[in-house]
Amino acid sequence: MSETLEQTRTRANGVGAAALRKEDDRLLRGDGRFTDDVDPAHALHMAIGRCPFPHARILEIDVSAAAELEGVQQILVGAEVAQRTEPISVLRPVPGAPQLPYYALAGEVCVYEGQPVVSVVATSRAVAEDAIELIDIDYDPLPHVSDVLEALADDAPVLHPLQLSSNLLATNPQGNGDPDAVMAAAHIVVSDRFRINRVTGLPMEPRAIVAHWRPGARELTAHVSTQVPHLVRMQLAESLRLDEGDVRVITSDVGGGFGLKLGVYPEDVLACLHAIDLRRPVKWTEDRLEHFRATTHAREAVHDFAIGADADGRITAMTNTYTTDLGGQNSPFGSAQLSSIVFTGPYRVDDGFVQRRVALTNKTPVGAYRGYGQPEVNFARELLMDRLARRLGIDPLELRMRNMLAQEDLPWRNPAGALYDSGDYRLALQMVADAVDYDALRAAGRERPDGRRVGIGLTSFVERTGYASAKFLANRGSRYGAHESVTLRANRSGGIDLFTGVSSMGQSSETAFAQICSQVHGIAFDAIRVHAGDTGATPLNTGAFASRTLIAAAGAVSAAATELRDKTLRIAAHRLELDDVDGLEVDGDAVVVQGDPSRRIPLAELHMAAIIGQGIPVDEHPGLEATAHFEPEHAAYAFGSAAAVVAVDPETGDFEIERFVLVHDCGTMVNPTLVDGQVRGALAQGFGAALSEELRYDADTGQLVNGSMLDYFVPTAADLPPIELHHTEVPSPFTTFGVRGVGEIGTIPPGAAIANAVCDALADFDVQISRLPVTPELVWRELQQARNRSETP
Amino acid sequence: MKPAPLQYVRPASVAEAVDALEEHGGMARVLAGGQSLVPMLGMRLMRPSALVDINDLGAELGKIDGRGEETVIGALVRYSALETSPVIAERLPLLQEVVRHIGDRQVRNRGTIGGAVAQSDPTGEMPLVCLTLGARVVARSVRGERTIPIEEFFEGSYANALEPEELLVGLRFPLAPVHCRFFERGRKHNDFALLSIAVAGSPDADGRWSGVRIGLGGVNDTPVLAEAAAARLEGRTWDTATIAEAAELALEAADPPDDVRASAEYRNHLLPIQLRRVLTDLAGAEPWKT
């Protein structure tokens, strides 16, 4: 249950304070240390030769000319890698799916454009790149399939014929009640097929690794830009056939993860293999062209969604069968798995069925990306909610309110088995409506004097943050737990060193952890030093993804801080010759006697006493260090509602998002500034995917058409609409302090809110949108189609 | 780090620069601001045998000069210099307005007018405005200097009338009409244009327009003049019907591409609408700067 006791005391930079980020000093001074900043003097550099075709058989590889180039140290090809390594392991398997061996270099057949085929290590990256160009590879291009539904057709080329008879990797149905019968009996059914665009996360820092092998010590040290250093350590050991004890992964600053840096990639295995062979550090930093083809993509899916309702608009059934695109290989996290769990959203639905189908296509493998299925399914469901409202002549706000779970309905289990913990969903929606002055906007009508039409689009959602227990994960074959861990170690300066396996990728975990530690322990925020991401120094943990870090880590930091504080107070009581610790507390840099400020012992003195074991109670061991693990008993469900006010030019399809209001709840806010930053960052990626980003493949060649920053329309700050944020703060009963995850929520509402607003603005034309991204050209096309429909009754 | 092997030459004078271009027999590329060239080198989409870096030639190529009716701009004049130049503000206000649509601050601090025109991007702002304002391109080689009318300069997507051994040294602009407008639509802020329009002309006291020029970007493999549209507007007052006719006539100059930014069909749909709006705005408006 929620541990709110520790919060009763307000601390300067404790829980709830807008503490300044610990990370910022070094980052703003340009003093961050990213993987590419690791620059051993005797390092060698790796370049990768990649398959230019979406599907091809490798007939012959001739490396002779490259091998003669001055500076080239080693060249690896697929056959050797297959002999010497194990395939890259999947961390989050698709239930019911066979293993698809994924070696670091392609063997006989390449299944996506950009798949590594050869690797070269040379004295410089330039020489390595020159060598790649000298390698002569004879490919036999094979028939390919790009479209996720065409991949499942009978005549589609099968990507992995040894393991599968088709490109369907697995089907995962979930549900409750009798949705088919209820749907058949419904007064009204709205349904459609929704196409979600393929996008990528584009961290500022691309992937990177510096690998170093010391044969005498049997120690592989790999500096890797990753969200999960401890999982990368496990995977590297497995693929390289080393003991985990031989491998140390160090992750310092990470320039953005977003789900793309979850687990090992082929290049990581290759750099280590070269480093072991050459006994010199080997470095590889991904360039942006590689990033677009070799780092996981996300989101692409086709959702067939249906909602049944009675004449009053009360939802009676929901069904959603969808196909996610996995790309050519199963990456460590694979395609999105959370569309199923939240498919019914914040609405009361008793009869529901959802089915996920995972399809292989000849495209870059798909992995996790901020939101992991939740923006996708939200788009489908929320567009249908508006269509249902329109068909029934009920206002979309009223329709949502009628169906939304009330605060007293929670906790509540949805048809996919998700346990919604707590929250006031209706309040969030009402706050959104009030913020945009919904009734007044409605009354003002849709037409503007300048010819534009204005519309309001709403969306409401729940978001799973964190994981429902290790048991849940184990049932799904996951190779990581639901816990987080932390080690706190007192130091002789009177400070605390906080060790965490959670790497620092912009999510501000250093700051948040220190705030919690300060809150519980009493030590000053500034006296806490966070050491993150080195597997040689930090306790085994899971990592930073799935909006799960704080949900689990708050409990771990809290438990460790409690243990450390209690021992500190016992030593202080001993030295003050008190019978017990009653009336003692840590206050900033000292233990003080409440009510008698003259009686205080500096923490530096107490820490030294504990560390050298002098002047401590006879029954205490020396040392002042605590490690704690915490696993929440359930996931926490964040929630919210959003509204977009959009003015559309019906002549051109251009539209302007005049307002975007989001009301959300992430439970107790550890730091409101960090919450706003997370929400705004995720919104920016949400707007990108909703409005402009789309990885497009040529229909004939199957090749990526827009794999560079030139043609991939990621928004800049100048492209974002004005954003208004409001919060509710209902503590989750399942987590320490009542926190919920917050990192991904912003990706969810933009697509649905904007599309609903555009359709609302153009309601007189009966425009329907069923795909992303929503571009001016798409709006114009849908207008044309709507006009054609109305002309041909 | 990423370019294919190449030689680097840094001449101290234009004479040395054209010598170097001659020496490499057309296989060298000129490095000015590098805002297009350097990424293409990095992607190995371009593999010149040498780079001739003209950044030391500011004394010869870095000046903005108003001479009588003509304005001469050296090839190495950077966008940010155009943006803040009082001479440009007074003489070529359209050029100054357009600069604000180019890239970001960093790009404008490095990118040059000569580089942009030599790059001949069919969606580029500089080629479009130079075309609309009727500039002449001055090119030099070891064989001497020649002047190329801008209407004969652009020959295709990223292709132009410069010989491979020639260095673009500057642009000469005639007196510009006081009335002008610029419109651009991209997929994101200061993106490559999927459609851009530049219009210039002068109305007399009776509201009859002369010297009308309409330049279009993003709708063909080079920036193009909408000559039929301009002819429809020349010597007349612009009422709604005239403007609508001219806007439709502009399609004669368009043969737009289908690409990730927009379909040809959509560009053709947008062109007359946006041109109509630009012309309507111009017809009812004050001069650019008053």
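The basis for the numbers below is simple: all heavy atoms, side chains too, and nothing from hydrogens, waters or symmetry mates. Proteins get letters first, then strands, A, B, ... in listed order; numbering begins at 1 in each.
A salt bridge between A/E651 and B/R277 is present, with a side-chain N of the basic residue lying under 4.0 Å from a carboxylate O of the acidic one. A/D711 has no carboxylate O lying under 4.0 Å from a charged side-chain N of B/R187, or vice versa, which leaves the two without a salt bridge.
Between A/E777 and B/A262, the shortest heavy-atom distance links the atoms OE1-CA, 3.3 Å. Taking both residues in full, the closest heavy atoms of B/Y266 and A/D654 are given as OH-OD1, 4.3 Å, listed atom of the first, atom of the second, then distance.
The greatest number of non-hydrogen atom pairs below 4.5 Å with chain A, out of B/A4, B/G186, B/S263, is found for B/S263. Highest contact tally toward chain B, considering only A/S124, A/P776, A/P715, is held by A/P776 [criterion: heavy-atom pairs under 4.5 Å].
No donor-acceptor contact under 3.5 angstrom links the side chains of A/T652 and B/Q274, judged on distance only.
Counting heavy atoms from C-beta on, the side chains of A/W780 and B/L270 never come closer than 4.5 Å. Contact check for B/R44 versus A/D130: side-chain heavy atoms found under the 4.5 Å cut-off.
Within the 4.5 angstrom heavy-atom criterion, only side-chain atoms of A/R781, from C-beta onward, approach chain B. In this structure, chain B has a heavy atom under 4.5 Å from the side chain of A/D649, while its backbone stays farther away. Contacts between B/R185 and chain A at a heavy-atom distance below 4.5 Å involve the side chain alone, from C-beta outward. For A/E133, the part sitting under 4.5 Å from any heavy atom of chain B is the side chain, from C-beta outward, and nothing else.
Atom CZ of A/R50 is surrounded by more than 12 heavy atoms from other residues, nucleotides or ligands within 6.0 Å. In B/M40, the CE atom is crowded: over 12 heavy atoms of neighbouring residues, nucleotides or ligands sit closer than 6.0 Å.
The CE atom of B/M43 lies 6.0 Å from the CG atom of A/L710; values are rounded to the nearest 0.5 Å.
For A/D719 (side chain) and B/K188 (main-chain N/O), no donor-acceptor pair under 3.5 Å exists by modelled atom type.
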task = Check the pair A/R696, B/D259 against salt bridge (Lys or Arg N to Asp or Glu O under 4.0 Å), reporting the backbone distance first and the verdict last.
result = CA-CA 10 Å; A/R696 283 168 51 172; B/D259 61 28; over 6 Å; no
